[in-house]
Amino acid sequence: MAWSFDCSSIDASGKRSNENIVDPPGFMLDASKLGGKDVAHGGIDADEIAKLKVKKAWDAAIAPAKSIPMNAFMLYMSGNSIQIFSILVTVMLLFNSVKAAMGVSQVFERFQTVSSAKAPTGVAAILAMMSNPLLLPMIAFVVIQAANLALGIWKCGAMGLLPTATSDWLAFLDHKKIAELSAGGWF
């Protein structure tokens, strides 16, 4: 026996001519039965969605902090000697921290609320930025990336790659001027 489906029972308007088919549980044909709430988001209003976006933004902001102990352990295990592995791990940490801090807008753009208004300029842009609910998560994200960067700079100092001693700057010091010269000679 072959399966077949007769499409003649469906109107062009999408309404069924055969009303003996029962709707599945949870299905509502009219969106007006939800009381004005957004159907696409399961009946959640815009304020709840904004709160959820801010919560997810905080999760994204704090996520890099979870990798700081792992990065510290990797730097510890790579040792303080100048070897290819320790330099690669340190450069990777420094590069990724700077790259992530510079891309903070891409990280948080999915949590922005969509606005159809024209983007403000001048002082209005600064005030709009200050009233942005994602400002604190963005600042937290940048501070955590700065902590990762500080960890990498500390490792560079521990390996002796940073010029912190006076002997590192001898090439830039002026030579001592000789005030007096004495030489031995024949009697």
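Partners of Phe95 under the side chain to side chain contact (heavy atoms under 4.5 Å, CB included) rule, at least two apart in sequence or in another chain, are Lys99. Here Phe73 pairs with nothing under the ring-ring contact (aromatic ring centres under 6.0 Å, His included) rule; sequence neighbours left out. Residues satisfying the side chain to side chain contact (heavy atoms under 4.5 Å, CB included) test with Val98, not counting sequence neighbours, are Met102, Leu149. A search for side chain to side chain contact (heavy atoms under 4.5 Å, CB included) contacts involving Leu88 returns Ile84, not counting sequence neighbours.
With values rounded to the nearest 0.5 angstrom, Ile144 atom CD1 is found 9.0 Å from Ser67 atom OG. Taking CZ of Arg110 as the reference point, atom NZ of Lys53 lies at 11.5 Å (rounded to 0.5 Å). The CG atom of Leu161 sits 12.0 Å away from atom CD1 of Ile153, with the distance rounded to the nearest 0.5 Å. With rounding to the nearest 0.5 angstrom, the CZ atom of Phe111 is 10.5 Å from the CD atom of Glu109.
Under a hydrophobic clustering in which Ile, Leu, Val, Met, Phe, Trp and Tyr are joined whenever their side-chain heavy atoms come within less than 4.5 Å, directly or via other members, Tyr76 and Val89 fall into different clusters. A continuous path of ILVMFWY side-chain contacts below 4.5 Å connects Ile62 to Val104, so both sit in one hydrophobic cluster. Transitive grouping of hydrophobic side chains (ILVMFWY, heavy atoms separated by less than 4.5 Å) brings Val142 and Leu134 into a common cluster.
Cluster partners of Leu173 are Leu170, counting Ile, Leu, Val, Met, Phe, Trp and Tyr whose side-chain heavy atoms approach within less than 4.5 Å, directly or via other members.
Proximity of Val54 to Lys51: side-chain heavy atoms (C-beta onward) are nowhere separated by under 4.5 Å. Using a 4.5 Å heavy-atom cutoff, the side chains of Val107 and Met138 are not in contact. Two residues are said to be in side-chain contact when any heavy atoms from C-beta on lie closer than 4.5 Å; Asn96 and Asn148 fail this criterion. Leu94 places a side-chain heavy atom less than 4.5 Å from the side chain of Cys156.
A donor-acceptor pair under 3.5 Å is formed between the side chain of Lys155 and the backbone N or O of Leu75. The closest donor-acceptor contact from the side chain of Ser86 to the backbone of Asn80 lies at 3.5 Å or more, if one exists at all.
The heavy-atom pair separating Ala57 from Pro137 by the smallest distance is O-CB, 4.0 Å. Gln145 approaches Ser97 most closely through the heavy-atom pair OE1-CA, 3.5 Å.
Residue pairs that meet the ring-ring contact (aromatic ring centres under 6.0 Å, His included) test with at least one member in residues 137-164, sequence neighbours left out, are Phe108-Phe141.
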